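Have a look at the structure below before the remarks.
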Amino acid sequence: YSHSAEHHDLEKFRGKEVVVIGSGSSAIDMAVLLHEIKAKPILVARRQALNFGQKEGRVRTRLSRLVAPMSGLGPGWKNLFCAAMPGLFRYLPANFRVRVVKEFLGPSGGWFIKPRMKDIPILLGYKLLSAKSVQGKAELQFIDVKGEQHSIQVEHVIAATGYKAQVNTIRFLAPEIELAIQL
């Protein structure tokens with residue numbers, strides 16, 4: 001197994017069965033790139049739906065653009081506020097800011113990648129129960145939203161489950177600033 005951050009060359013997975021775990025951009029992109037080099041990816045996620053950004057253009061009506069204006073983060077007034085006024089966001093109450101950062105956007109893929117996913121098996125609403133090695137392969141046990149258990153055997157597992165910031169690795173921060181930052 002490995003984490004998606006470890007890979008810059010996927011050629012070693014050509015022809016191999018690979019489970020990609022996650023529902024964000026890293027997971028979606030990884031599954032698509034694996035498929036495009038002729039690997040056999042399966043995308044598995046706890047979420048019951050994948051989210052994708054929205055392309056701005058003539059697809060949206062004028063009314064929808066007024067109701068949900070486009071920003072660098074996607075459509076919607078909340079997106080526009082966060083993208084256009086980060087300085088003002090800073091002055092909101094700390095507990096509100098933390099909740100927004102943790103819950104607001106969530107995992108999503110780029111709008112442009114969605115059509116490239118059409119031939120990739122996707123298992124949504126699956127929670128990983130266990131993983132073990134069986135005869136050189138990874139055997140994963142999942143439970144779906146109906147409570148049914150599923151077993152998948154593959155040659156490799158890639159966790160594309162996000163990143164946790166490690167402030168102590170940022171060398172240019174003064175120690176007093178590092179201590180003041182709470183994650």
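Note that the structure is a prediction, hence the values are computed from the model and not measured.
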* Joint hydrophobic cluster, L43 plus V157, side-chain heavy atoms closer than 4.5 Å -> no

* If every non-hydrogen atom of A31 is compared with every non-hydrogen atom of P41, which pair is closest and at what distance? -> O-CG, 3.4 Å

* Hphob cluster co-occupancy, V67 + L80, side-chain heavy atoms under 4.5 angstrom -> no

* Please lay out, stage by stage, how V44 and L140 fare under the test side chain to side chain contact (heavy atoms under 4.5 Å, CB included). => CA-CA 11 Å; V44 183; L140 307 173; over 6 Å; no

* Take M30 and L10 through the test side chain to side chain contact (heavy atoms under 4.5 Å, CB included) and record every step on the way to the result. => CA-CA 9 Å; M30 182 65 66; L10 301 176; 3.6 Å; yes

* **From CA spacing to verdict: side chain to side chain contact (heavy atoms under 4.5 Å, CB included), Q48, V145** => CA-CA 8 Å; Q48 294 185 42; V145 292; 3.4 Å; yes

* What distance do I113 atom CD1 and S25 atom OG have between them, rounded to the nearest 0.5 Å? -> 7.5 Å

* Structure fact -> A27 and S23 have their tightest heavy-atom pair at CB-N, 3.8 Å

Extract all donor-acceptor atom pairs below 3.5 Å that involve side chains of residues 12-22 and protein atoms in other chains or at least two apart in sequence.
from	atom 1	to	atom 2	distance (Å)
R14	NE	E11	OE2	2.3
R14	NH1	I37	O	3.2
R14	NH2	E11	OE1	3.1
R14	NH2	E11	OE2	2.9

* Minimum heavy-atom distance between Q141 and S151, given as atom pair plus value -> NE2-OG, 3.1 Å

* Any ring-ring contact (aromatic ring centres under 6.0 Å, His included) involving residues 64-97? Give me the pairs, sequence neighbours left out, ordered by first then second residue. => none

* To do: Could you grab the distance from atom SG of C82 to atom CG of L88, nearest 0.5 Å is fine?
  => 10.0 Å

* Report the distance from atom OG of S71 to atom CE of M85, rounding to the nearest 0.5 Å. => 10.5 Å

* Asked: According to a 4.5 Å side-chain heavy-atom criterion applied to Ile, Leu, Val, Met, Phe, Trp and Tyr, with indirect links allowed, do L66 and M70 form part of one hydrophobic cluster?
  -> no

* Common cluster, I42/I143, ILVMFWY with side-chain heavy-atom separation under 4.5 Å -> no

Counting only pairs under 3.5 Å, give me each side-chain donor-acceptor contact of residues 117-137, with atom names and distances, residues two or more places apart or in other chains.
from	atom 1	to	atom 2	distance (Å)
Y126	OH	H150	NE2	3.4

* Calculate, to the nearest 0.5 Å, the distance between atoms CD1 and OG belonging to I158 and S26 respectively. => 11.0 Å

* Asked: Is there a side chain to side chain contact (heavy atoms under 4.5 Å, CB included) between D144 and F142 once you walk through the steps?
  -> CA-CA 7 Å; D144 67 19; F142 294 95; over 6 Å; no

* To do: Look at the side chain of H3 and the backbone N and O of A5, then say whether any donor-acceptor pair between them is shorter than 3.5 Å.
  => yes

* Please name the pair of heavy atoms, one in I28 and one in S108, separated by the smallest distance, quoted to 0.1 Å. => CD1-C, 4.4 Å

* Please tell me if the side chains of L34 and H156 come closer than 4.5 Å, counting only heavy atoms from C-beta onward. => no

